[in-house]
Amino acid sequence: MGSVPIYDPAAVESAWQARWAEQHTNEPDLEHPKNPFYNLMMFPYPSAEGLHVGNMFAFTGADIYGRFKRLQGHTVFEPIGFDAFGIHSENYALNIGAHPARLIPKNIATFRRQLQRFGGMFDWRHELSTTDPRYYKWTQWLFLQLFKAGLAFRKKAAVNWCPSCKTVIANEQVINGFCERHPDVRVEQRVLEQWFFAISKYAERLLGNLATLDWSPSTVAMQRNWIGRSEGAELVFEVPSGERIIVFTTRPDTVFGATYMVLAPEHPLVDALTAEEQRGAVREYRRQVAAKDIVSRKVGEKAKTGVFLGSYARNPATGEAIPIWIADYVLMEYGTGAIMAVPAHDTRDFEFAKQFSLPIRQVVRREGDPLPIEAEDGTLMSSSPFDGLPCAEAKRRIVAWLGGRGTATPRVQYRLHDWCISRQRYWGPPIPIIYCAACGPVGVPDRDLPVELPLIEDFRPDDSGVSPLARHREWYFVKCPSCGKEARRETDVSDTFLDSSWYFLRYPSSEIDDRPWDARRTKTWLPVSTYIGGNEHAVLHLLYSRFITMVLHELGHVDFEEPFPKLRAHGLIIKDGAKMSKSRGNVVIPDAYIQKWGADTFRMYLMFLGPFQEGGDFRDEGITGVRRFLEKVWTLAHEVADAPAHPLAPAVERKLHQTIHKVSIDTERLDYNTAIAAMMEYVNAVREEGTPSRGAIEPLLVLLAPFAPHLAEELWALFGHKTSVLAAQWPAYDERLAAAGDVEIVVQVNGKVRGRLTIARGATEADVRGLALADESVRKFVDGKPVKKAVYVADRLLNLVV
RNA sequence: GCGCGGCUGGCGGAACGGUAGACGCGCCGGCCUUAGGAGCCGGUGGGGCAACCCGUGGGGGUUCGAAUCCCUCGCCGCGCACCA
C-alpha cells in the first residue's frame, strides 16, 4: 500500500480536459436527446481583466447542477457565450487607446481558456458572441419584428450629456451630477429622438406571470417593485380658461386637502397656464431644470424648487381656486406629469409647502398622531360629507362621487417605463432603420441583414449629439428600400440588453445561418430548464428577456411565453466583509488559485464557503480543508483499487446511504456546502472503520463527480471503467439501509435534556418510558413526582413533564 | 421612505418546531520525524473540581419543547427611490 501516487491536480485535470474535447463528452445530440435538460447560466461580459472569482463562483454552481442532472439520466445542454457589445467595452478601449473590435477577441480568448481550465461542461460547438455578425443579424431582425408589430417607436427623450466628453453618457457614468471621467464637469440633459420598445404595455402580464414562475423570492420581489403597480384615480382640475389638468393620485381620499397643484416643468400645458407677469421666471426655471443631468434631478432630499405660474385651478371637491406651480420634483414620465399637492399628507408636498409658505390643510386624523403625514389608516376630517370614514372606504366613495360629475376615473398606474434602446455610441449593432424623406422610417429588408457595424478608427463620440457612425457619410447614405430615393441610415446602435434578451434562444441553433432559431430544436430545448445567475440582473436583463419572449410568443415565433420557468439567484462572493472591487484592491483572480490548488479543489472550495444562493466570504485559509479531503479520497481510492473486494461494514453501508440521500437532496436544492460536508463526513466514517473496500468508494466517486469532475474521472478510470463517470448512474438510495441499526433517543424532563438511550429503531413509547425512568439522571429530575404529560417523538425524543 | 435578506463559537458556517454549534479553518496537546509549514491521534462555546448552570442581536409572547413561529426594538447588507 505504500505505492499511492502523488495527487497532481494539474496533470489529472489537463489530461481529462483533453480527453473530454477529443471524445466530445460534453456535446450532446441536440436532435435526439433523452430527457433534455437545458442548463443555462448568465453569459459573461468578457472584460480585459479576465474571469473573476464571482463569475467562477456562479459558473461552478451552475456546472455542478448540470453534471448532477446528467448523472440523473438527462441529456444536458450547457452552452456558454459572450456578451461583448456595450459601453463597458467601448469605454475601456477608449481609455487604453485600443479598438474594441481588436480588444474583444483577445478578451474572449482569455475567457475561453479560463472557462476550459476550470472544467465547465460546456458545449463549445455552440459558443456565441453578441458581436458576431452571424448573431447580431438576428438581433436586428428582432428589432424589426417589434418595429413591424408597432412595438418599436420613436420618441423624444432626455439623455445625459457631458459637455467635456462631448457625448451622451449612461446614467451609471453620472456621479453626483458630474461626469465620471471629468469630475469637475457638470452633466446636462439633452433631448433627442430615440427608439423605444413598448414594454409598459406588457406591465400587467409581466407582473401577473410572476406568480407562475419558480424563481428566487428576492428576484420576484425586485421585479414586482420595478414594475411598480399602484392603484388610484385620475382627477380633473379645471382652469377658468377651460383647460383641464389631469392628475394621477393614489390618495383620492385626501382631495379635500389639495391646496395647490404642481406640473412637471415639461408639461405641455405650462405655456397656456402661465400668466403674463410670470413668463420670465417660468422660462428661467425651465432652462435651469433642463441644464441638470437626469440622475440628480431624480435624487431626493434636497431643497425643493419651483415657480408659481400665476394662475389657478379649481379643486373638484371643494370648489376652491388653488394656485398652479411647476417644480422638478414632479416628473413628466410618471402618471400624467401633474399632481394635486396635499401637503398635510405627503412628505414632498409638505416640504414644498413649507418652502413656499403654501397652506397646509389636514384631512386625515389618526389617534395620537397630530399630523399623520402619509397615513392611510386614519379617518377623514374637514372633508364633508365624508368626515369620519376610514381612508380605504373614502377612496372608493370619493372617486364614485367625483366620477358622477365627470372629474374622476379609477386608474392603475405602473412605474415601468418604455425601454429606450437607442445608444448614441459605436460599439453595438446598428439599428436597422433607414430614414427616407418620402417614406419616413423604413425597416431594413431581411435580405439586407445584417447591417454590419463598419470598422472605423474614429469611434470616439463627438460634439454632435449623435453616434460616431454619423460621421461616415459613405456608410449612412443609402437608397430607400421602399422608394429607391436617397435616404440615410439610423446611426445609433442598440442597447446591450437587447443583445442579451434572446441569446438563450440562439444557443441550440447557433450553427444555423438562415433563421434565428430552428423551430424543432427550440421546441425540444426551450424554455430553459434552469437558469442560474446573479441578482444584479434581477430587473433589467430578466425583465427584458421576459418581455421579448412574450412578444415573440404573441407574434407566433415561439410557443411559450416565459423563457425561464425556473431561476435561481446565487449570492455574492465578498472579501474581508466587503464587495470585491478594484478600488478596494480586494479582487481575487482565480487563475493563481487554480494553478496552485487545482480546479477541483478551487471549485469545491468556492462551493464550501457558504450557501450558494447566499454567497460567502472568500478567505484563502479554508482552501486547505477541501484539498485535504480530495487527497483522502485519492488515497482511499488507490488503496482499494486493487485490493480484494469485501462487503461493507454495516456502519459504513448505513452512512453511505445516508450520504447518498443527503447529497441528492442538497445538490438538487443547490445547497452545495452541506452536500460537501456530508461527503466529508462519509470519508471520515470510512477511514474510521479502518478496512475500506471498493464498494465504499465507488459510489462516492459518482456523488463527487459534479463537484470535482476531473478527480472523479481519474479515479473512476482507475477502477477500470472505460467510459466517463458521467455515463454512470447516480447511486440509488436505500431507505432501509440508511435506517438500519440502533437510534439514540433523547430523554428530556420539562424540556431539558437529562439522558440518552440507545435502542433499536421502532421502540414503543412504553418501552422508552420504562428505560428512561430507570436512568439515574432522569430519575433524579423526575424526583418521584407524577408525570403529568409525556411527549414522544418516535426514534428521536421523549419529553416528560412533571 | 419602500421592498427583500441577514444577525449562531476565535473565523466560514450546520441544525423537518425536538441533542445548538454538523463540516471545515484556526488554535491547544500528543505521536512520528534530523526537521515540520507534511501526516496521524486526541481536545476545542462560556463558567465550574464536580453535580450542574449559562448560552443563537435586545425585550415580550405561543408551545411539553423556540436559533427556528408571532409581536416589538436595534444593528448590518442588498435593491429601488422626489413614482404622486
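Every chain is numbered from 1, with letters handed out A, B, ... down the list of sequences. Side chains included, hydrogens not; waters and symmetry mates left out as well; all remaining heavy atoms used.
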Open item on the list: Any side-chain N or O of A:N684 below 4.0 angstrom from OP1/OP2 of B:rG24?
Closed with: yes
- [ ] Considering only atom P, compute the distance from B:rG65 to B:rC76 and round it to an integer number of Å.
- [x] 35 Å
Open item on the list: Under 4.0 Å, heavy atoms only, any strand: does A:V791 hit a base, just the sugar-phosphate, or nothing?
Closed with: base
- [ ] Assess the side chains of A:T305 and A:Y285: does a donor N or O sit below 3.5 Å from an acceptor N or O?
- [x] yes
Open item on the list: On the nucleotide B:rG39, are OP1 or OP2 found under 4.0 Å from the side-chain N or O atoms that A:R628 carries?
Closed with: yes
Open item on the list: Using the P atom as the point on both nucleotides, what is the distance between B:rG9 and B:rU68, in whole Å?
Closed with: 15 Å
Task: 5′-ward residue of the pair A:E681/A:P611 relative to RNA chain B - done: A:P611
Task: Complementary nucleotide for B:rC49 - Watson-Crick or wobble, under 3.5 Å - done: none
- [ ] Report the base-pairing partner of B:rG42 (Watson-Crick or G-U wobble, both distances below 3.5 angstrom), or none.
- [x] B:rC28
Open item on the list: When the C1' atoms of B:rG17 and B:rA81 are compared, how many Å lie between them, rounded to an integer?
Closed with: 39 Å
TODO: Would you indicate what A:R224 reaches in the nucleic acid, counting non-hydrogen atoms under 4.0 angstrom: base, sugar-phosphate, or nothing?
DONE: nothing
- [ ] Tell me whether the OP1 or OP2 atom of B:rC40 has a side-chain N or O from A:R687 closer than 4.0 Å.
- [x] yes
- [ ] For A:K789 and B:rG65, give me the distance from atom NZ to atom C1', rounded to whole Å.
- [x] 10 Å
TODO: Give A:K752 one of three labels, base, sugar-phosphate or nothing, depending on what nucleic acid heavy atoms sit under 4.0 Å from its own.
DONE: sugar-phosphate
TODO: Using the C1' atom as the reference point in each nucleotide, state the distance between B:rA15 and B:rG21 in Å, no decimals.
DONE: 8 Å
Open item on the list: Tell me if the NZ atom of A:K632 is crowded by more than 12 foreign heavy atoms within 6.0 Å.
Closed with: yes
- [ ] May I ask which nucleotide in the shown strands pairs with B:rU62, Watson-Crick or G-U wobble, both distances under 3.5 Å?
- [x] none
Open item on the list: Below 30° counts as parallel, above 60° as perpendicular, anything between as tilted: where do the rings of A:Y605 and A:F618 land?
Closed with: perpendicular
TODO: For A:H537 and B:rC78, give me the distance from atom NE2 to atom P, rounded to whole Å.
DONE: 17 Å
Open item on the list: Would you measure the distance from the P atom in B:rU56 across to the matching atom in B:rG61 and give it in whole Å?
Closed with: 16 Å
Open item on the list: Tell me whether A:R546 forms a cation-pi arrangement with A:W226, defined as NZ or CZ under 6.0 Å from the six-membered ring centre and within 45 degrees of its axis.
Closed with: no
Open item on the list: Which nucleotide, if any, forms a Watson-Crick or G-U wobble pair with B:rC80, using both distances under 3.5 Å?
Closed with: B:rG1
TODO: Please evaluate the base of B:rC82 for a donor-acceptor partner in the side chain of A:K304 within a cut-off of under 3.5 Å?
DONE: yes
Open item on the list: I need the NE2-P distance between A:H417 and B:rC80, as an integer number of Å.
Closed with: 14 Å
Open item on the list: Going by purine N1 to pyrimidine N3 plus the second Watson-Crick contact, or the G-U wobble pair, all under 3.5 Å, which nucleotide sits opposite B:rU34?
Closed with: none
Task: B:rU56 pairs with, by Watson-Crick or G-U criteria that keep both distances under 3.5 Å - done: none
Open item on the list: Counting the atoms with a prime plus P, OP1 and OP2 as sugar-phosphate, which does A:T624 contact under 4.0 Å by heavy atoms, base, sugar-phosphate, or nothing?
Closed with: sugar-phosphate
- [ ] Using a strict 4.0 Å threshold on nitrogen-to-oxygen distance, state whether A:R568 and A:D214 make a salt bridge.
- [x] yes
